Structures are given as C-alpha cells and as structure tokens.
Amino acid sequence: VQLQASGGGLVQAGGSLRLSCAASGRTFSNNVMGWFRRAPGKEREFVAGISWGGGNTYYADSVKGRFNISRDNALNAVYLQMNSLKPEDTAVYYCAADRDSRRTYTYYGARYLYDYWGQGTLVTVSS
C-alpha cells in the first residue's frame with residue numbers, strides 16, 4: 001500500500017499550488033483521508049480531512065477559507081488546493097488515510113486515526 005504525494009514546489013506569497021495524493025495497493029474510496037504538514041522545527045499538524053464519501057470536509061483554522069480538500073474515488077486520489085499561500089505555509093505536506101472502511105469521526109485532526117502515510121512533498125512559500 002502506497003500513498004504518493006506530489007505537486008509541491010516553490011511559490012511566492014499569495015500564489016497557489018495543488019497537491020495530489022495517488023493511492024496504490026488498495027482502494028481508499030471508503031476511507032477517511034487527510035493532509036498534514038510539518039514545518040521546520042515544528043510538530044506535524046493537521047491541515048485538512050475529508051470523509052470517505054467526500055461530503056464532509058474539515059480544516060485547521062490556519063488554512064480555513066484558503067485551502068480546499070477534495071477527492072476522486074474513481075482515481076483513488078485526494079487533492080489539496082492551496083490558495084493565498086503565506087510564508088508560514090512552508091512545510092512538508094503529507095497525505096494520510098485511515099484503515100477501516102466507512103468510519104466517521106467527530107474530529108479528523110488526530111494523527112492516530114490514520115494508518116497509512118505518504119512520503120511528503122515540500123511546499124516553500126517565499127515572501
């Protein structure tokens with residue numbers, strides 16, 4: 001099972017990037033998926049999560065209104081559209097998925113909910 005994140009890069013403040021996470025080895029169409037990030041010198045933190053059906057999305061306060069998480073179950077993929085980027089968004093971004101099918105949670109931001117993790121893609125926002 002592999003989650004492959006891509007789409008990171010260098011962008012100026014105010015710009016946009018779209019991250020993609022392609023899953024292989026099993027289907028994740030019935031699984032919660034999320035994005036986390038780790039900034040230099042900081043702990044890994046929750047960014048966004050999406051329910052297995054795609055009908056519910058959750059965001060960290062720091063990205064709400066700027067980022068949008070979506071999924072395409074036919075492609076076994078999840079995306080993170082990042083707009084109005086700020087230097088403090090600079091981090092390695094990781095996609096993640098839980099293991100059990102069709103679970104619902106009251107809070108999607110807990111790392112222990114996620115069993116599968118991608119290798120990360122670096123996003124650098126210059127001021």
Side-chain angles (χ1 to χ4, degrees):
V1 177
Q2 187 175 18
L3 298 176
Q4 182 74 37
S6 61
L10 174 64
V11 63
Q12 288 189 330
S16 299
L17 280 175
R18 185 181 191 234
L19 304 184
S20 300
C21 177
S24 60
R26 58 161 284 183
T27 180
F28 285 97
S29 59
N30 290 320
N31 297 90
V32 167
M33 299 192 76
W35 287 94
F36 288 73
R37 67 185 181 187
R38 177 181 285 167
K42 295 187 176 181
E43 295 286 324
R44 189 176 299 193
E45 65 175 2
F46 171 72
V47 175
I50 187 166
S51 60
W52 58 269
N56 295 305
T57 56
Y58 305 85
Y59 299 93
D61 288 342
S62 59
V63 307
K64 205 170 290 183
R66 300 188 297 122
F67 290 12
N68 183 70
I69 187 171
S70 62
R71 66 190 300 161
D72 188 332
N73 286 339
L75 296 178
N76 214 22
V78 65
Y79 308 97
L80 186 68
Q81 177 67 43
M82 305 185 297
N83 300 322
S84 302
L85 283 161
K86 304 175 181 180
E88 50 264 44
D89 294 318
T90 294
V92 177
Y93 284 72
Y94 302 88
C95 59
D98 75 349
R99 181 184 57 196
D100 297 326
S101 295
R102 303 196 173 192
R103 294 293 301 272
T104 57
Y105 308 109
T106 56
Y107 176 59
Y108 279 47
R111 283 183 286 173
Y112 70 84
L113 296 177
Y114 298 87
D115 302 283
Y116 303 103
W117 293 84
Q119 87 293 352
T121 185
L122 177 62
V123 172
T124 303
V125 184
S126 63
S127 57

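One is the number of the first residue; the rest follow in order along the sequence. Just so it is clear, the model here is predicted, and its values are computed rather than measured. Computation of the quantities below employed the complete heavy-atom set of this structure, encompassing side-chain atoms and omitting hydrogens, waters and symmetry-equivalent molecules.
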S.K.: Nearest 0.5 Å, please: how far is OG1 in Thr27 from CG in Leu75?
M.R.: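 OG1 of Thr27 is found 11.0 Å from CG of Leu75.
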S.K.: Hey, quick one: are Tyr79 and Leu122 part of the same hydrophobic cluster, counting side-chain heavy atoms closer than 4.5 Å, chains of contacts allowed?
M.R.: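 Different clusters.
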S.K.: If you take all heavy atoms of Gln2 and Gln4, which pair is closest and at what distance?
M.R.: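 It is NE2-OE1, 3.4 Å.
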S.K.: Quick one: do Val63 and Val11 end up in the same hydrophobic cluster if we chain Ile, Leu, Val, Met, Phe, Trp and Tyr together by side-chain heavy atoms under 4.5 Å apart?
M.R.: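 Yes, because Val63 and Val11 connect within a single hydrophobic cluster, where side-chain heavy atoms sit under 4.5 Å apart.
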S.K.: Do Phe67 and Trp35 have side chains that get closer than 4.5 Å, going by heavy atoms?
M.R.: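 The answer is no, as the side chains (C-beta and beyond) never meet within the 4.5 Å cut-off.
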S.K.: Does a salt bridge link Lys64 with Asp61, judged by any charged N lying under 4.0 Å from a carboxylate O?
M.R.: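 Salt bridge flag = yes for Asp61 with Lys64.
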S.K.: Ignoring hydrogens and geometry, is there a side-chain-to-backbone donor-acceptor pair from Thr121 to Tyr93 under 3.5 Å?
M.R.: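 Between the backbone of Tyr93 and the side chain of Thr121 there is no qualifying donor-acceptor contact (under 3.5 Å).
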S.K.: Return the OG to CZ distance between Ser51 and Arg103, rounded to the nearest 0.5 Å.
M.R.: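 The distance works out to 14.0 Å.
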S.K.: What donor-acceptor contacts under 3.5 angstrom involve side-chain atoms of residues 104-115, with partners at least two apart or in another chain?
M.R.:
{"unit_1": "Tyr105", "atom_1": "OH", "unit_2": "Asp98", "atom_2": "OD2", "d": "2.6"}
{"unit_1": "Tyr114", "atom_1": "OH", "unit_2": "Tyr108", "atom_2": "O", "d": "2.7"}
{"unit_1": "Asp115", "atom_1": "OD2", "unit_2": "Arg99", "atom_2": "N", "d": "2.8"}

S.K.: So, the side chain of Gln119 versus the backbone of Ala5: is there a donor-acceptor pair under 3.5 Å, distance only?
M.R.: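 It does hold such a pair.
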S.K.: Sequence neighbours left out, what passes salt bridge (charged side-chain N to carboxylate O under 4.0 Å, His left out) with Asp72? Give chain and number order.
M.R.: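 Checked Asp72 against salt bridge (charged side-chain N to carboxylate O under 4.0 Å, His left out); zero matches.
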S.K.: Between Arg71 (side chain) and Gly54 (backbone), is there a donor-acceptor pair under 3.5 Å?
M.R.: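 No; judged by distance alone, with no hydrogens or angles, the pair does not exist.
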S.K.: Restricting to side-chain contact (heavy atoms from CB on, under 4.5 Å), what partner residues turn up for Ser126, sequence neighbours left out?
M.R.: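 Residues passing side-chain contact (heavy atoms from CB on, under 4.5 Å) with Ser126: Leu10, Gln12.
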S.K.: Quick check: closest heavy atoms across Ala13 and Ser127, and the distance to 0.1 Å?
M.R.: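 In this case the closest contact between Ala13 and Ser127 is CB-CA, 4.3 Å.
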S.K.: Can you name the closest pair of heavy atoms from Ser16 and Gln81 and give their distance?
M.R.: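 Scanning both residues completely, I find the closest heavy atoms to be CB-NE2, 3.9 Å.
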S.K.: Quick one: pull up CZ in Arg26 and OH in Tyr116 and give me the separation to the nearest 0.5 Å.
M.R.: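 Interatomic distance, Arg26 CZ to Tyr116 OH, rounded to 0.5 Å: 4.5 Å.
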S.K.: Taking all atoms of both residues into account, what is the closest heavy-atom pair of Leu85 and Leu17, and its distance?
M.R.: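 Taking Leu85 first and Leu17 second, the nearest heavy atoms are CD1-N, 3.9 Å.
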S.K.: Once you round to the nearest 0.5 Å, how far does CD1 of Ile69 lie from CG of Asn56?
M.R.: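 Reported to 0.5 Å precision, the distance equals 11.5 Å.
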S.K.: Rounded to the nearest 0.5 Å, what separation is found between the CG atom of Asp100 and the CG atom of Asn31?
M.R.: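 Those atoms lie 8.0 Å apart.
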S.K.: Say you draw a straight line from CZ of Arg37 to OH of Tyr94; how long is it, rounded to the nearest 0.5 Å?
M.R.: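 It comes to 13.0 Å.
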S.K.: Is there a side-chain contact (heavy atoms from CB on, under 4.5 Å) between Met82 and Val47 once you walk through the steps?
M.R.: CA-CA 11 Å; Met82 305 185 297; Val47 175; over 6 Å; no
S.K.: Tell me the closest heavy-atom pair linking Leu3 and Cys95, and the distance in Å.
M.R.: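 Heavy-atom minimum between the residues: CB-SG, 3.7 Å.
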S.K.: Would a 4.5 Å heavy-atom cut-off, applied to side chains only, mark Phe28 and Val78 as touching?
M.R.: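 Answer no - side chains too far apart.
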